[in-house]
2 protein chains.
Amino acid sequence: MSQNGKLATDLVQKLERDIVTGVLKPGDKLDERSLSERFGVSRTPVREALQTLAGSGLVATMPRRGTIVAAITVAELIEMFEVMAELEAMCARLAARRMPRVDIDNLIALSDECGALKDHADADAYYEANVRFHEAIYAGCRNSFLERQTKNVRNRLAPYRRLQLHRPGRVKTSNNEHADILNAIANGEAETAGKLMQQHVAVQGESLNDLLAIVPRGYLEPLAS
Amino acid sequence: MSQNGKLATDLVQKLERDIVTGVLKPGDKLDERSLSERFGVSRTPVREALQTLAGSGLVATMPRRGTIVAAITVAELIEMFEVMAELEAMCARLAARRMPRVDIDNLIALSDECGALKDHADADAYYEANVRFHEAIYAGCRNSFLERQTKNVRNRLAPYRRLQLHRPGRVKTSNNEHADILNAIANGEAETAGKLMQQHVAVQGESLNDLLAIVPRGYLEPLAS
DNA sequence: CCATGCAATTTTGTATACCAGAATGTGATT
DNA sequence: AATCACATTCTGGTATACAAAATTGCATGG
């Protein structure tokens with residue numbers, strides 16, 4: 001997948017991580033010169049990295065006006081959740097039909113892991129386990145293109161989705177839904193698995209009003225990808 | 001959407017057109033120097049353009065080994081059609097629920113246009129009308145993110161899909177399916193519209209064996225995106 | 001005649017220099 | 001005091017120069 005040279009590739013990964021984990025917030029300006037001296041390289045690989053990130057939608061650059069971490073509008077967020085729900089539903093449907101036994105066992109283990117962390121104080125720990133559970137299902141669809149596509153959209157939503165889990169009660173509900181989804185997949189009930197997953201994801205998009213209440217200032221400024 | 005400078009943006013559009021329309025074939029080498037002198041610019045905007053195209057998946061570049069027009073393997077093609085069918089189905093479902101009357105009228109006109117060309121000798125003319133019909137449905141879903149995502153995948157499949165229509169009888173069948181889809185959308189039958197569209201697209205992926213028989217040499221070499 | 005290794009050339013990756021357009025600040029004028 | 005014009009400055013876009021890696025071709029040896 002990685003197209004650029006070594007330096008540029010490194011930059012892509014570092015910046016991607018910073019954006020997805022929230023170190024860099026939506027709307028933050030990404031000045032080429034600052035980045036180049038911060039990483040000790042010239043502007044060229046920095047530009048290539050930004051170019052790549054722009055392609056995947058994580059940053060947005062306006063001609064002659066620079067690059068910022070993609071700040072998604074509420075309308076765009078709703079749209080993306082709508083698509084995300086359907087992509088994950090597709091993964092779940094296919095996983096129910098194609099996931100081999102050994103991978104299902106692994107999925108059960110990941111679900112247990114989520115269960116063990118659901119009452120834990122550390123929301124981030126649950127978040128990580130949650131990601132692993134979902135990614136196991138992506139992998140289970142046995143369609144590497146769909147897997148990449150889904151992960152891409154998830155990454156772009158990551159800065160906003162992380163906030164979701166801090167909503168009271170959401171973790172527990174989420175965990176229950178996991179159990180149902182797992183069940184459907186293990187039993188090969190494709191349509192059920194898809195339906196459940198669709199709702200599981202879509203509910204996050206539908207509660208965007210709640211999300212807006214806790215979103216930090218600066219998250220909802222101008223621009224979509 | 002466009003991130004690069006003016007020159008680079010132009011290049012992206014020109015190269016994209018050449019790839020989608022088949023002037024440049026999968027596997028063709030894209031030499032930076034040749035391109036730069038062909039377009040009368042330096043290597044920098046050329047590199048940026050290739051970078052952008054790599055991001056959208058239309059070209060593939062291996063580090064230190066250059067860039068080629070993305071040559072998709074058969075396995076990857078099957079995967080992509082599987083996803084494409086689902087994306088278009090989603091568009092159709094949403095369009096059935098959201099498309100305003102005036103746009104439906106326009107869709108009817110586009111369908112008629114396809115019908116008028118279905119017996120015509122010029123397969124390319126039907127192909128273009130077909131694209132317009134499908135794009136009208138993308139637009140009808142009222143989800144610009146989904147629309148972009150769908151168009152992106154379609155572009156990547158375009159070099160291969162174009163071959164499909166040269167299969168005898170396909171045009172007529174395709175046209176009948178259009179009529180059914182249009183009907184479902186006009187009547188607001190979301191699930192039906194989605195189902196029909198899913199099949200309409202998936203059948204192209206499932207007939208890949210036939211496609212392989214007529215694919216020109218050089219189309220199926222090494223690399224996926 | 002074929003294989004292997006080295007050299008020359010080609011081509012990509014990175015750095016730097018230069019140019020152009022946009023933002024900003026200052027001063028004059030109303 | 002507010003606004004508009006102009007100049008300065010800052011930042012992004014493009015070109016060019018340089019470095020490193022890979023491919024190619026040739027020569028040499030088996």
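Chain A is the first sequence line, chain B the second, and so forth, proteins listed ahead of strands; every chain is numbered from 1. Please read all numbers here as calculations on a predicted model, not as lab measurements.
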**Q.** For B:E32, all residues meeting salt bridge (charged side-chain N to carboxylate O under 4.0 Å, His left out), sequence neighbours excluded
**A.** B:R43, B:R47
Q. How close or far is atom P of D:dG13 from atom CZ of B:F39, stated in whole angstroms?
A. 20 Å
Q) Phosphate oxygens OP1/OP2 of D:dT23: is one of them under 4.0 Å from a side-chain N or O of B:R65? A) yes
Q. Between D:dT16 atom C1' and B:E37 atom CD, what is the distance in whole Å?
A. 15 Å
Q) Does A:F133 have any ring-ring contact (aromatic ring centres under 6.0 Å, His included) partners at least two apart in sequence or in another chain, and if so, which? A) A:H178
Q) Which of the following nucleotides, C:dT12, D:dT14, C:dT14, is nearest to the side chain of B:E32? A) C:dT12
Q: For B:D10 and D:dG13, give me the distance from atom CG to atom C1', rounded to whole Å.
A: 13 Å
**Q.** Spacing of B:Q51 atom CD relative to C:dT12 atom C1', expressed in whole Å
**A.** 12 Å
Q: Take atom CD of A:E48 and atom C1' of C:dT14, then tell me their distance rounded to the nearest Å.
A: 9 Å
(Q) Please determine whether a side-chain nitrogen or oxygen atom of B:S42 lies at a distance below 4.0 Å from atom OP1 or OP2 of D:dA15. (A) yes
Q.
In whole Å, I'd like the distance from the CG atom of A:L50 to the P atom of D:dT11.
A. 15 Å
Q | Contacts of type side chain to side chain contact (heavy atoms under 4.5 Å, CB included), residue B:E16, not counting sequence neighbours | A | B:V20, B:L53, B:L58, B:N155
Q) For A:K29 and D:dG12, is the shortest distance between a side-chain N/O and OP1 or OP2 below 4.0 Å? A) yes
Q. Between C:dT12 and B:R47, is there an OP1 or OP2 to side-chain N/O distance shorter than 4.0 Å?
A. no
Q: With sequence neighbours left out, write down each residue that passes side chain to side chain donor-acceptor pair (under 3.5 Å) with B:E88, or none if nothing qualifies.
A: B:H134, B:Y138
**Q.** Interatomic spacing from CZ in B:F145 to CZ in A:R156 - rounded to 0.5 Å
**A.** 4.5 Å
**Q.** Pair A:K151 + A:E147: basic N to acidic O under 4.0 Å
**A.** yes
Q) Would you say A:R43 reaches C:dT16's phosphate, i.e. side-chain N/O to OP1/OP2 under 4.0 Å? A) no
**Q.** Residue A:L7, side-chain heavy atoms: nucleotide from D:dG12, C:dT14, D:dA15 that is nearest
**A.** C:dT14
Distances for protein N or O near nucleotides 19-21 of chain C N or O, under 3.5 Å:
none

Q) Which residues pass the side chain to side chain donor-acceptor pair (under 3.5 Å) test with B:T21, sequence neighbours left out? A) none
Q.
Return whichever of B:L30 or B:T44 has its heavy-atom-nearest nucleotide of DNA chain C closer to the 5' end.
A. B:L30
